[in-house]
There are 2 protein chains.
Amino acid sequence: MPDVSDESLAQSWHDLMGRYARLTCRLDRELEAAHGLSSSEFEVLQQLHGPAGPGKLRMTELGERAHLSQSALSRLVGRLERDGLVRRAACEADRRAVWIHITDAGRARYQEAQPTQRAILRTETWCAAVPPPEEPAG
Amino acid sequence: MPDVSDESLAQSWHDLMGRYARLTCRLDRELEAAHGLSSSEFEVLQQLHGPAGPGKLRMTELGERAHLSQSALSRLVGRLERDGLVRRAACEADRRAVWIHITDAGRARYQEAQPTQRAILRTETWCAAVPPPEEPAG
DNA sequence: GTGCATCAAATGCACAAGCATTAATTGCTC
DNA sequence: GAGCAATTAATGCTTGTGCATTTGATGCAC
């Protein structure tokens, strides 16, 4: 007989799957339609754009920050590079590694897409912390 | 300049992505290795096994409950059927629809896999509600 | 009855992801 | 220095997914 807390945990997980599926689906669809980016690509650009400061990161670090597997990231960066949004550059310190630089076009695309992503996060109910989506003032 | 609450929302979403990625990855790997099921297949069997009572559900209903798209579900059910875990049956009331029945083998597989899944949900930190994973008594 | 919009499910096609492997580089030991 | 395990990233192969389309059934208007 299953533990009660196990069952409520399973329920929480099921709910999380639902929220995640709905949100990712909307993000993928709308970011793709409006800016030609998948949600993963957006996340990668976000990591490069923001906290990194110099706008460059090595593959491994980038993979951890964007929660992507090594092979998924390798191909994703390939696509971003093909589209001119990032650039691969040799790493002098460790020649096995590669620096991924965000390009001007990449920054522009990210800045253009950011409001779209933020708006979806605001208007889709996916997290208890999200305030009621529509609160017509007054 | 971005709204502060937007940024914290983006941070929450990023965290959710991380938790989701880690957990799904572990579930997929361990359920696959131990029971030959992906996490989505497990979820589908769970929906058929549990709340449905009679152990049958129509595709559309099943897709909503398991958070799967129509085409993903169609093929997933195809795989489960090939493996003898579910059975498709004509729906007399609406001949466009299809009943998906869980088979005895399907129930057995689910019951065998459930403890594996529950254990992962318990031991992986993915949600504030999860108690500290390892609490060596005393 | 005919005609037509709607809906359920399956499928062709293109693309993304995971696993396993490979190639190149590094750091460590001797 | 030579030898070797560990690490970084890319890639071949197979599998799963989404989008768009197709097939077949339903319900409604006429």
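Hydrogens, waters and symmetry mates play no part in the numbers below; they use all other heavy atoms, side chains included.
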From C-beta outward on Arg96(A), which listed nucleotide comes closest to its side chain: dT25(C), dA8(C), dC13(D)? dT25(C)
What is the distance, rounded to the nearest whole Å, between atom CD of Glu32(B) and atom P of dA17(C)? 19 Å
Using atom CD of Gln70(A) as one end and atom P of dG12(D) as the other, report the distance to the nearest whole Å. 14 Å
What nucleotide among dA10(D), dG18(C), dG12(C) has an atom nearest to a side-chain atom of Ser74(A)? dA10(D)
Of the listed dA25(D), dG16(D), dA9(D), the closest approach to the Arg58(A) side chain comes from dA9(D)
Nearest to the Met59(B) side chain among dT17(D), dG24(D), dA9(C), which nucleotide is it? dA9(C)
Between dA17(C) and Arg79(A), is there an OP1 or OP2 to side-chain N/O distance shorter than 4.0 Å? yes
Under 4.0 Å, heavy atoms only, any strand: does Arg75(A) hit a base, just the sugar-phosphate, or nothing? base
Just how far, in rounded Å, is C1' of dT17(D) from CG of Leu76(B)? 11 Å
I want to check something: taking the side chain as every heavy atom from C-beta on, are Val44(A) and Tyr110(A) in contact at a cut-off of under 4.5 Å? no
Nearest-nucleotide check on DNA chain D, Cys25(A) vs Thr60(A); residue mapping nearer the 5' end is Thr60(A)
Taking 4.0 Å as the cut-off, does a side-chain nitrogen or oxygen of Arg88(A) come that near to OP1 or OP2 on dA10(D)? yes
Establish whether the base of dG18(D) is bridged to the side chain of Ser71(B) by a donor-acceptor pair shorter than 3.5 Å. yes
What is the distance from CD1 of Ile100(A) to P of dA9(D), rounded to the nearest Å? 8 Å
